Number of protein chains: 2
Amino acid sequence: MNDLPERLRGSGKRLTAQRELILRAVDALGHATPDEIFTEVRKHVSSVNVSTIYRNLEVLEELGLVRHAHLSDRAPTYHSVVGHEHFHLVCRSCRVVISVDPEVMAPVIARLGEDFGFEPDIGHLTVFGHCVDCEAPKDTAQK
Amino acid sequence: MNDLPERLRGSGKRLTAQRELILRAVDALGHATPDEIFTEVRKHVSSVNVSTIYRNLEVLEELGLVRHAHLSDRAPTYHSVVGHEHFHLVCRSCRVVISVDPEVMAPVIARLGEDFGFEPDIGHLTVFGHCVDCEAPKDTAQK
DNA sequence: TTCCATGCAAACACTTTGCACCGTG
DNA sequence: CACGGTGCAAAGTGTTTGCATGGAA
C-alpha cells in the first residue's frame with residue numbers, strides 16, 4: 001500500500017518523515033483539506049509547517065499516491081488512491097458526499113470521446129446536486 | 001432576455017444601475033471571473049466596488065439570471081443563462097473550454113437517480129481532462 | 001421616508017514564495 | 001558533501017464584512 005520510497009527514488013526525490021506522515025494522514029482522514037491534514041500531522045511531529053503540507057500534497061499527487069477533488073467552494077480535499085478510483089456526488093442541502101464507481105460514467109466517456117475527442121479525468125470529477133429525499137431544505141444558492 | 005426588473009421586484013429587491021451593468025457584462029463576456037466583470041463594469045461607471053460585484057453576482061444567481069462554474073483552480077466564472085443550459089469540458093493541456101448539451105449526460109442522470117436518489121445540477125458541472133489530439137504537452141499536474 | 005444597496009477599508013481564508021538552515025542519499 | 005527539503009515569515013490572490021452614506025420605491 002505504501003509505495004512512497006520507491007516512487008520517490010524513481011523521480012530523484014527524497015524520503016522524509018514529513019512525506020510519510022502526510023501520506024499516512026491522507027489515508028487516515030479520507031477526504032481532508034490541507035488544513036485538516038496539517039492538524040493531523042502536527043499530532044505526530046511538533047514542528048511542521050503548512051507550506052510543507054502544500055508542497056508535498058503536490059508531490060504526492062504527481063507520484064500518483066493521492067488525488068484531490070473540489071467538494072466545496074472552499075479548500076480542496078485530498079484522498080488516497082489506494083482503493084479504487086471514484087468520483088463524487090455532493091448534496092448542496094445536507095452536504096453528504098457519495099463516492100461513485102467510474103463505470104456509471106461509461107456511456108458519457110464514450111460520447112465525449114466520439115463527439116469531442118475528449119478524455120475526461122473521472123477521478124477528479126465532482127457532481128453537485130441534491131438528494132431527492134434530503135431532509136434538509138432545498139438550497140438554491142450555490143455556496 | 002432581460003427579466004431583471006420583474007425578477008427583482010418579485011423578491012423585494014431593487015433595480016440599480018450596477019445590477020444592470022453587471023448583468024450586461026456577464027452577457028457580453030461569456031465566461032468571466034468576478035474580477036473580469038469588475039473591469040468591464042468599470043468601463044461604464046467610474047466608481048464601482050468589487051464587493052458590489054460579488055454581492056450582485058450572488059443576487060443574479062439567486063434570481064436565475066446567471067450561473068457560475070469552476071473552470072480553473074482559481075476564481076469561478078459566471079455566464080448568463082439566456083442561452084441553453086450546458087456543462088463544460090476543460091482541457092488541462094490547452095485550456096480550451098467546450099460547452100456540451102446536457103442531453104449527453106442523460107444516461108448518467110438516470111443512473112444517479114435510480115442508484116442514489118440523487119439529482120445532479122448539470123449546469124454547474126465541469127469535467128476536466130484532455131483533448132486527445134491536443135498539441136500542448138500532456139500535463140499530469142492538477143494546477 | 002423607509003430600507004435596500006453601495007463604496008470604502010479592513011479583515012479573512014487559502015496558498016505561494018524567498019531565504020537560510022537542515023538532513024537524505 | 002551536494003542538493004533537495006524544511007521551517008519561518010512575508011506576500012499574494014480571491015472573497016467577505018461592518019459601517020456610514022446614498023438612492024429606489
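All of these numbers come straight from a predicted model, not from anything done at the bench. Note on naming: letters A, B, ... go to the chains in the order of the sequence lines (proteins, then strands), and numbering restarts at 1 for each one.
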Asker: Please give the remaining members of the hydrophobic cluster of Leu71(B), linking ILVMFWY side chains under 4.5 Å, ordered by chain and number.
Answerer: Val90(B), Val97(B), Phe128(B)

Asker: Using a 4.0 Å cut-off on heavy atoms, which residues in residues 6-18 of chain B reach DNA chain D? List them by number, or say none.
Answerer: Arg14(B), Leu15(B)

Asker: So what is the end-to-end bend of the helix from dT1(C)-dA25(D) to dG25(C)-dC1(D), with 5 pairs used at each end and the value given to 10 degrees?
Answerer: 40°

Asker: Have a look at Val50(B) and say if it touches a base, only the backbone sugar-phosphate, or nothing, with a 4.0 Å heavy-atom cut-off.
Answerer: nothing

Asker: Pairs under 3.5 angstrom, nitrogen or oxygen only, protein versus nucleotides 18-20 of chain D, please.
Answerer:
{"unit_1": "dG18(D)", "atom_1": "O6", "unit_2": "Arg55(B)", "atom_2": "NH1", "d": "3.4"}

Asker: If I take atom CD in residue Glu36(B) and atom P in nucleotide dT13(D), what distance separates them, rounded to the nearest angstrom?
Answerer: 15 Å

Asker: Who passes side chain to side chain donor-acceptor pair (under 3.5 Å) against His31(B), sequence neighbours left out?
Answerer: His88(B)

Asker: Starting from P on dC21(C), measure out to CG on Asn49(A) and report it in whole angstrom.
Answerer: 17 Å

Asker: Report the distance from atom CD of Glu58(B) to atom C1' of dT6(C), rounded to the nearest whole Å.
Answerer: 16 Å

Asker: Between dG14(D) atom C1' and Ile37(B) atom CD1, what is the distance in whole Å?
Answerer: 14 Å

Asker: Regarding Asp35(B), tell me which of base, sugar-phosphate or nothing describes its non-hydrogen contacts under 4.0 Å with the strands shown.
Answerer: nothing

Asker: Could you list the residues that satisfy ring pair (Phe, Tyr, Trp, His ring centres under 6.0 Å) with Phe118(B), not counting sequence neighbours?
Answerer: none

Asker: Excluding sequence neighbours, so at least two apart, what forms side chain to side chain donor-acceptor pair (under 3.5 Å) with Glu36(A)?
Answerer: Thr33(A)

Asker: Is Pro76(B) touching bases, backbone alone, or none of the nucleic acid, heavy atoms closer than 4.0 Å?
Answerer: sugar-phosphate

Asker: Not counting sequence neighbours, which residues clear side chain to side chain donor-acceptor pair (under 3.5 Å) with Thr126(B)? List them please.
Answerer: none

Asker: Donor-acceptor pairs under 3.5 Å, side chain of residues 99-110 of chain A to any protein atom, not counting sequence neighbours: which ones?
Answerer:
{"unit_1": "Asp101(A)", "atom_1": "OD1", "unit_2": "Glu103(A)", "atom_2": "N", "d": "2.8"}
{"unit_1": "Glu103(A)", "atom_1": "OE1", "unit_2": "Arg111(B)", "atom_2": "NH2", "d": "3.4"}
{"unit_1": "Glu103(A)", "atom_1": "OE2", "unit_2": "Arg111(B)", "atom_2": "NH1", "d": "3.3"}

Asker: For Ser80(A), give me all partners under side chain to side chain donor-acceptor pair (under 3.5 Å), at least two apart in sequence or on another chain.
Answerer: Asp27(A)

Asker: Between Cys131(B) and Ser93(B), is any pair of side-chain heavy atoms under 4.5 Å apart?
Answerer: no

Asker: Between C1' on dA9(C) and OH on Tyr54(B), what's the gap in Å once rounded to a whole number?
Answerer: 16 Å

Asker: Stepwise, does the ring-ring contact (aromatic ring centres under 6.0 Å, His included) test hold for His86(B) with His79(B)?
Answerer: CA-CA 11 Å; His86(B) 60 273; His79(B) 56 276; 5.0 Å; yes

Asker: Could you tabulate the donor-acceptor pairs under 3.5 Å formed by side-chain atoms of residues 40-48 of chain B, not counting sequence neighbours?
Answerer:
{"unit_1": "Glu40(B)", "atom_1": "OE1", "unit_2": "Lys43(B)", "atom_2": "NZ", "d": "3.3"}
{"unit_1": "His44(B)", "atom_1": "ND1", "unit_2": "Glu40(B)", "atom_2": "O", "d": "3.3"}

Asker: Using ring pair (Phe, Tyr, Trp, His ring centres under 6.0 Å) as the criterion, list what pairs up with Phe87(B), not counting sequence neighbours.
Answerer: none

